[in-house]
Amino acid sequence: MKSTSSSSRPRTARPGPAGEAVAGVRITHPDRVLDRESGLTKVGLARYYGAVAGRMLPYVIRRPLALVRCPEGDQAECFFQKQRTPGMPPSIHGSKIAEHGILHVEDEGGLIALIQFGAVELHGWGSRLPESGVPDWIVMDLDPDEGLPFARVVDAAWTMHDAFARIGLRSFVKTTGGKGLHVVVPIVPEAPFDAIKEFTFGVAGEFARSDPARYTATLSKSARRGKIFIDYLRNGQGATAIVPYAVRARPGAPVAFPVAWRDLGKMDPRDFSVATVPKLLSKRRTDPWADFFDLAQRVPPAYLQMAHARRRKSA
DNA sequence: GCCCATT
DNA sequence: AATGGGCAACGCCAC
DNA sequence: GTGGCG
Ligand SMILES: [Mn+2]
Ligand SMILES: [Mn+2]
């Protein structure tokens with residue numbers, strides 16, 4: 001029923017000049033270079049996310065997202081976006097939380113649609129729709145000052161692991177694509193962000209008090225000098241953290257990669273990139289985060305209450 | 001990548 | 001028709 | 001308030 005004078009009959013089933021489809025999403029400008037260092041192209045990025053989608057989507061679905069978009073490639077400027085904008089396909093869903101627009105995806109088609117729209121990095125809230133006010137994970141973001149050896153960050157991660165273990169919480173660790181690590185604790189989504197954030201502030205403060213030469217809970221540059229900033233601020237409503245398997249818009253296209261605790265000491269975060277991760281995944285015997293969503297654990301109420309009391313005091 | 005306002 | 005800006009929040013925190 | 005930061 002199309003009335004075209006120049007019926008462009010498909011000579012082949014081959015994708016046209018607009019590019020090939022990934023997960024049913026046509027990728028335009030497939031050869032656009034997103035990272036000169038690794039040679040990563042837009043279609044290469046789409047194929048990467050398609051390849052890891054099975055592992056990645058559980059951490060992405062229904063989670064309000066912040067994107068780092070680089071639609072013009074790695075030459076031009078990248079920018080953050082957290083609201084759905086008109087022109088995005090229906091697979092990129094919009095919603096509103098406390099008067100502010102958010103976006104989220106429901107499936108692989110939505111994920112790849114984000115890439116078609118120029119997204120490179122995906123950052124997620126700590127909560128998922130429709131219960132957007134109660135986080136289902138805690139992220140302790142370990143941010144080393146410039147020049148600190150990575151072994152110090154590994155040590156901090158283990159100390160964090162032990163601190164959580166002491167109160168009955170299993171934690172998981174991932175690289176961030178940078179020089180830090182994330183220690184992540186899945187929790188039953190029932191305590192509001194404020195309570196969880198206060199709790200994590202308490203944890204960070206404890207680190208800073210018990211080993212002030214190594215740790216600070218204060219974000220400022222001066223306080224950070226020579227130390228690791230225990231960034232608990234990822235645990236507020238609307239705050240985000242890089243999502244597992246997401247790519248960073250940086251030279252080498254590094255990936256935020258879940259690792260096993262026992263492997264922490266043997267690896268270098270730069271080992272994990274768009275170029276290496278799909279192969280590593282297929283070689284892996286097991287997923288180190290396999291039971292992440294099966295734990296049904298909670299911060300002991302006493303610790304949330306302590307946090308609440310501290311909050312009252314400062315109010 | 002796409003919308004929109006301005007030229 | 002072509003060009004150029006925008007696309008984060010809000011939010012918190014330290015000072 | 002401003003500046004820094006994610
Ligand atoms: Mn970090
Ligand atoms: Mn941080």
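Below, chains carry the letters A, B, ... as their sequence lines are ordered, and counting in each starts from 1.
As rounded to whole Å, 8 Å separates atom P of C:dC13 from atom CD of A:Glu198. The separation between A:Lys227 atom NZ and C:dA14 atom P is 14 Å, rounded to whole Å. Regarding A:Asn235, its CG atom lies at a distance of 14 Å from the C1' atom of C:dG11, rounded to whole Å. When rounded to the nearest whole Å, the span between NE2 of A:His123 and C1' of C:dA9 equals 14 Å. For the pair A:Glu121 CD and C:dA8 P, the interatomic distance rounds to 16 Å; values are reported in whole Å. Rounded to whole Å, the distance from CZ on A:Phe229 to P on C:dC13 is 10 Å. In this entry the distance linking CZ of A:Phe201 with C1' of C:dC12 reads 12 Å, nearest Å.
Applying the disulfide (SG to SG under 2.5 Å) definition to pairs two or more places apart or across chains, those involving residues 27-121 of chain A are A:Cys70-A:Cys78. Every pair tested for disulfide (SG to SG under 2.5 Å) that includes a residue from residues 125-237 of chain A fails, sequence neighbours excluded, so the list is empty.
Proximity note for A:Arg69 (side chain, C-beta onward) versus C:dA14, C:dC12, C:dC7: the nearest is C:dC7. Between D:dG6, C:dC15, C:dA9, one nucleotide has an atom nearer to the side chain of A:Ser220 than all others, and that is C:dC15.
Residue A:Lys197 places at least one side-chain N or O under 4.0 Å from the OP1 or OP2 atom of C:dC13. At the phosphate of D:dC5, OP1 or OP2 sits under 4.0 Å from a side-chain N or O atom of A:Lys221.
Using the Watson-Crick or G-U wobble rule with both distances under 3.5 Å, D:dG3 pairs with C:dC13.
When heavy atoms are screened at a 4.0 angstrom cut-off, A:Gln83 is found touching the sugar-phosphate backbone but no base atom. Nucleic acid contact class of A:Phe117 (heavy atoms, under 4.0 Å, all strands): sugar-phosphate only.
In this structure, CD in A:Gln297 is found 9.5 Å from CZ in A:Phe164, a value given to the nearest 0.5 Å.
On the nucleic acid side, DNA chain B contacts chain A at distances under 4.0 Å to non-hydrogen atoms, with the end points of that region at B:dG1 to B:dC3.
Contact record, A:Leu34 with A:Gly73: CD2-CA, 3.9 Å, taken as the closest heavy-atom pair.
Between A:Gln81 and A:Ala223, the one whose closest nucleotide on DNA chain C sits nearer the 5' end is A:Gln81. Each of A:Thr240 and A:Ala217 was assigned the nucleotide of DNA chain C with the nearest heavy atom; the assignment lying further toward the 5' end belongs to A:Thr240.
The shortest distance between side-chain heavy atoms of A:Asp268 and A:Phe150 does not fall below 4.5 Å.
Remark: the backbone N or O of A:Thr176 is paired with a side-chain donor or acceptor of A:Arg248 at under 3.5 angstrom. No donor-acceptor distance shorter than 3.5 angstrom exists from the side chain of A:Thr175 to the backbone of A:Pro269, with no hydrogens or angles considered.
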